[in-house]
Number of protein chains: 2
Amino acid sequence: MDDHDFEHLLRGAELRVTRPRLAVLRAVRRHPHADTGSVLAAVRVEQPAVSHQAVYDVLGVLSESGLVRRIQPAGSVARYELRVGDNHHHVVCRSCGEVADVDCAVGVRPCLDASDTHGFVIDEAEVTYWGTCPACSTDRTPSQSRTTEGTR
Amino acid sequence: MDDHDFEHLLRGAELRVTRPRLAVLRAVRRHPHADTGSVLAAVRVEQPAVSHQAVYDVLGVLSESGLVRRIQPAGSVARYELRVGDNHHHVVCRSCGEVADVDCAVGVRPCLDASDTHGFVIDEAEVTYWGTCPACSTDRTPSQSRTTEGTR
DNA sequence: CCAGAAATCTTGACTCGTTCAAGAAAAGGC
DNA sequence: GCCTTTTCTTGAACGAGTCAAGATTTCTGG
């Protein structure tokens, strides 16, 4: 995934190719699962003049177009990743909020057969694994980087 | 689940039995998947003097104690339910944000065997089904009650 | 290469869910 | 009933995200 690919991705989605958009794509590539603030910081390393609103807008249109995927574990702010279209899942650390990718062992569309869906038409099954990351498992003083505590 | 049960639940969790707590439990029982604002409104029907902070506190301790379960689908505010301990899952409407319970057909601990967990110690697998609720499937003008749009 | 229309970005104010902090009130053991 | 501790009220504050208006940029077509 180099800048050339990004340009093609944007054009393929009928989006204009702009400096902020390329910078955001590069930032998300370099920092998988980064939140908006981190993306903004990464973007400004190369493009100091980009506004926070632009980053929100860009992440919004890229998500809608399916070029990036937005995830938001409970108690976390929105996070973004480039890995898209394979419906992989995520492990989230209850202690520090760290996120990692996980391929579900059950198959391509895990658990997509819910028993009684109450008439809902389902198009995606999203699995979030909750637990403790290696660092927090060992550490006696886990880094409290999460904004709110986990559900349990 | 009557008030007597609620009192026992609280005492069993070593929590004091107070009017606000009982009112919150009743509110969550009557309005499954309600957000904090709705719980507050329901509480104030019977206890007009209860503060919003009290409701936040109560929902917080009840969640920590496992008496209620807190869920927060991406793009939604926190929601609460009494049904607890059975690790059931949820369908969320992308259009209006409506939530319904779903029992996973795969088994009691669905998808809990992730392939490579990157050293995380996993204690829960949470499945969120995304789709369209019956009302929004039919309706030409879906109610836009969600705060932000869905991921895709 | 240049002009025009449409999309995108900047600026700055603002909303809303949630949290923080300090003091008042209530719960429960003795 | 009294005392200690927990819980609640009050009121301010925070931060992620949104809204809106005007300036810039992109890209199409001449």
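Model, not experiment: these values are computed from the prediction. Note on naming: letters A, B, ... go to the chains in the order of the sequence lines (proteins, then strands), and numbering restarts at 1 for each one.
Annotation: side chain to side chain contact (heavy atoms under 4.5 Å, CB included) contacts of B:Leu40 (sequence neighbours excluded): B:Arg44, B:His52, B:Val55. Remark: A:Asp5 engages A:Met1, A:Asp2 in a side chain to side chain contact (heavy atoms under 4.5 Å, CB included) (not counting sequence neighbours). The side chain to side chain contact (heavy atoms under 4.5 Å, CB included) test applied to A:His90 returns A:His33, A:Arg69, A:Ile71, A:Glu81, A:His88, A:Val99, A:Asp101, not counting sequence neighbours.
The side chain of A:Thr36 lies closest to D:dG17 when the candidates are D:dG17, C:dT10, C:dC9. Comparing atom distances between the B:Ala54 side chain and each of C:dT10, D:dC8, C:dT18 picks out D:dC8 as nearest. With C:dT18, D:dT18, C:dT10 as the candidates, the nucleotide lying closest to the side chain of A:His52 is D:dT18. Among the nucleotides C:dT19, C:dT10, D:dT10, the one closest to the side chain of B:Ser51 is D:dT10.
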Got a list of protein N/O to nucleotides 21-27 of chain C N/O distances below 3.5 Å?
{"unit_1": "C:dA27", "atom_1": "N3", "unit_2": "B:Arg16", "atom_2": "NH1", "d": "3.0"}

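Distance CD (A:Gln47) to P (C:dT8): 17 Å, rounded to an integer number of Å. A straight line from CZ of B:Arg21 to P of D:dT9 spans 12 Å, rounded to a whole angstrom. Here the C1' atom of nucleotide C:dG12 and the OH atom of A:Tyr56 are 15 Å apart, to the nearest Å. Rounding to whole angstrom units, CG of residue A:Leu59 and P of D:dG17 are separated by 10 Å. Rounded to whole angstrom, the span from the CD1 atom of B:Ile71 across to the C1' atom of C:dG17 amounts to 16 Å. One interatomic measurement links the two molecules: CD of A:Glu14 to P of C:dA6, which rounds to 16 Å at whole-angstrom precision. To the nearest angstrom, P of C:dA7 lies 16 Å from CG of A:Leu10. Straight-line distance from the CG atom of A:Asp57 to the P atom of D:dA21: 15 Å, rounded to whole Å.
Under the 4.5 Å side-chain criterion, counting only non-hydrogen atoms from C-beta, A:Leu10 is not in contact with A:Thr18.
Panel note: side chain B:Ser76, backbone B:Gln72; no donor-acceptor pair is recorded below 3.5 Å.
In this structure, B:Val61 reaches neither bases nor backbone, as no heavy-atom distance under 4.0 Å exists between it and the strands shown.
B:Val84 and B:Leu9 fall into different hydrophobic clusters, where Ile, Leu, Val, Met, Phe, Trp and Tyr residues are linked whenever their side-chain heavy atoms come under 4.5 Å apart, directly or through other members. Linking Ile, Leu, Val, Met, Phe, Trp and Tyr whenever their side-chain heavy atoms come within less than 4.5 Å puts B:Val24 and B:Leu22 in one cluster.
Every pair passing salt bridge (Lys or Arg N to Asp or Glu O under 4.0 Å) that includes a residue from residues 21-37 of chain A is listed here, sequence neighbours excluded: A:Asp3-A:Arg26, A:Arg26-A:Glu46.
Among the duplex regions that DNA chain C forms, those built from at least three successive Watson-Crick or G-U pairs under 3.5 Å are C:1-30 with D:1-30, ordered by first number.
Annotation: of the two residues near DNA chain C, A:Pro20 and B:Asp35, the 5′-most nearest-nucleotide partner is A:Pro20.
Atom-to-atom distance recorded for B:Ile122:CD1 and A:Trp130:CH2 is 12.0 Å, nearest 0.5 angstrom.
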